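This report concerns only the one structure given below.
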Amino acid sequence: MSSIVADPPEVASGYRAGRTLPLRVELVRQLKRRRTLVMGAILFALPFVLLIAFQIGGEPGQDNGRVNLMDSATASGANFAAVNLFASAGFLLVIPVALFFGDTVAAEAGWSSLRYLLAAPVPRARLLWSKLVVALALSLAALVLLPVVALAVGTAAYGWGPLQLPTGGTLSAGTAAQRLVIIVAYVLVSQLVTAGLAFWLSTRTDAPLGAVGGAVFLTIIGNVLDEVTALGDWRDFLPAHWQYAWLDAVQPQLQWTDMIQGTALSVTYALVLFALAFRGFARKDVVS
């Protein structure tokens, strides 16, 4: 008795799964989108808005005896950059991260182009990987754009000088630049949970606004829960509890303890969420 053996699927000559949907192509596609340009314009404009606010309202902190990071905004360009990060890290910087990660797969589904990409054929894991890397690159660019523009604007307005610390003392301009790099890196890491939520939701829905809005909403819920002191030590498991751990970088002696704990928590949550996105999308019936 002869057995019937199915022929292996034919593959076009020269086809390489790893070469489908190149990162360069996906990056160019995302850079040309209106939401990318609008978000970049908003982040570029924020330092100018704060500069005008200080020019109109006078020197920050001049009417009270308290000293904090915001009060030293006009001390130097480095201080102005740090204040821009402080003012935007809690909410504004959440928006581009949620947008770039939540508007990835869901947008393709909303345009009814997702099934055509997969039929190209682009392997599902390859498609997600390309979109994940590009979203991460755009988020990093957004987080770098703000302090770089703020540093340039602040230096032009207040001069290039040492970073005035809220607790007293100063850091040299060179050391301040290094601390700003650490701050930006930590802010990016702390936003990975929002990125993971947005990316996972993007694989579950055909509505980009639902994925972006859902990630932002859950991030806000985390911030609210962190304010509930009755939760006690349970707040240590909330990513929001560690989002301002980077303030330890604007102390005379750099402290790593809280930033390490915040990094470990954010990376753990993010890896779980990214894994759920890949696992769920591999089994999803794509009809859009």
Side-chain angles (χ1 to χ4, degrees), residues 36-62 64 66-97 99-100 136-192 194 242-256 258-259 262-263 266:
T36 304
L37 300 176
V38 170
M39 186 54 61
I42 292 174
L43 294 174
F44 184 86
L46 179 61
F48 294 95
V49 173
L50 289 181
L51 177 64
I52 294 172
F54 289 142
Q55 295 293 333
I56 295 175
E59 294 294 324
Q62 62 183 7
N64 61 69
R66 295 177 293 108
V67 178
N68 55 46
L69 185 60
M70 187 66 72
D71 292 338
S72 61
T74 59
S76 68
N79 279 87
F80 188 71
V83 164
N84 273 263
L85 285 170
F86 179 77
S88 57
F91 180 73
L92 180 60
L93 291 180
V94 172
I95 303 300
V97 173
L99 183 64
F100 293 141
L136 185 61
L138 291 176
S139 298
L140 176 60
L143 297 184
V144 170
L145 176 64
L146 176 63
V148 167
V149 174
L151 187 60
V153 171
T155 299
Y158 308 117
W160 174 257
L163 177 67
Q164 302 288 336
L165 301 178
T167 56
T170 62
L171 295 176
S172 66
T175 302
Q178 295 174 4
R179 296 290 181 90
L180 286 175
V181 171
I182 294 173
I183 291 171
V184 171
Y186 182 78
V187 170
L188 176 63
V189 171
S190 68
Q191 298 291 349
L192 286 179
T194 300
W242 307 100
Q243 66 177 336
Y244 287 107
W246 61 264
L247 288 172
D248 288 342
V250 289
Q251 303 295 331
Q253 296 295 326
L254 180 61
Q255 301 293 326
W256 291 100
D258 287 353
M259 285 192 285
T263 297
S266 294

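None of the values given here were measured: they were computed from a predicted structure.
Checked against side chain to side chain contact (heavy atoms under 4.5 Å, CB included), Leu171 has the following partners two or more places apart in sequence or in another chain: Leu163, Leu165, Thr175, Arg179. For the side chain to side chain contact (heavy atoms under 4.5 Å, CB included) test, no residue two or more places apart in sequence or in another chain qualifies with Ala185. Annotation: ring pair (Phe, Tyr, Trp, His ring centres under 6.0 Å) contacts of Phe48 (sequence neighbours excluded): Phe44. The side chain to side chain contact (heavy atoms under 4.5 Å, CB included) check on Ser88 picks up Leu46, Leu92, Leu93, Leu146, with sequence neighbours excluded. Remark: Val144 engages Leu140, Val148, Val184 in a side chain to side chain contact (heavy atoms under 4.5 Å, CB included) (not counting sequence neighbours). Under the rule for a ring pair (Phe, Tyr, Trp, His ring centres under 6.0 Å), Phe100 has no partner lying at least two apart in sequence or in another chain.
Between Ala150 and Phe80, the closest heavy-atom pair is O-CD2, 3.2 Å. Between Pro96 and Ser139 the shortest heavy-atom distance is O-OG, 4.5 Å. Closest non-hydrogen pair, Tyr186 versus Ala245, comes out as OH-CB, 3.5 Å.
Remark: Leu247 CG to Gln255 CD distance equals 12.5 Å, nearest 0.5 Å. Atom CD1 of Ile42 is separated from atom CG of Leu37 by 11.5 Å, given to the nearest 0.5 angstrom.
The backbone N or O of Gln164 sits less than 3.5 Å from a side-chain atom of Asn79, completing a donor-acceptor pair.
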side-chain contact (heavy atoms from CB on, under 4.5 Å) for Leu192 and Leu136? Distances and angles first, verdict last.
CA-CA 9 Å; Leu192 286 179; Leu136 185 61; 4.2 Å; yes
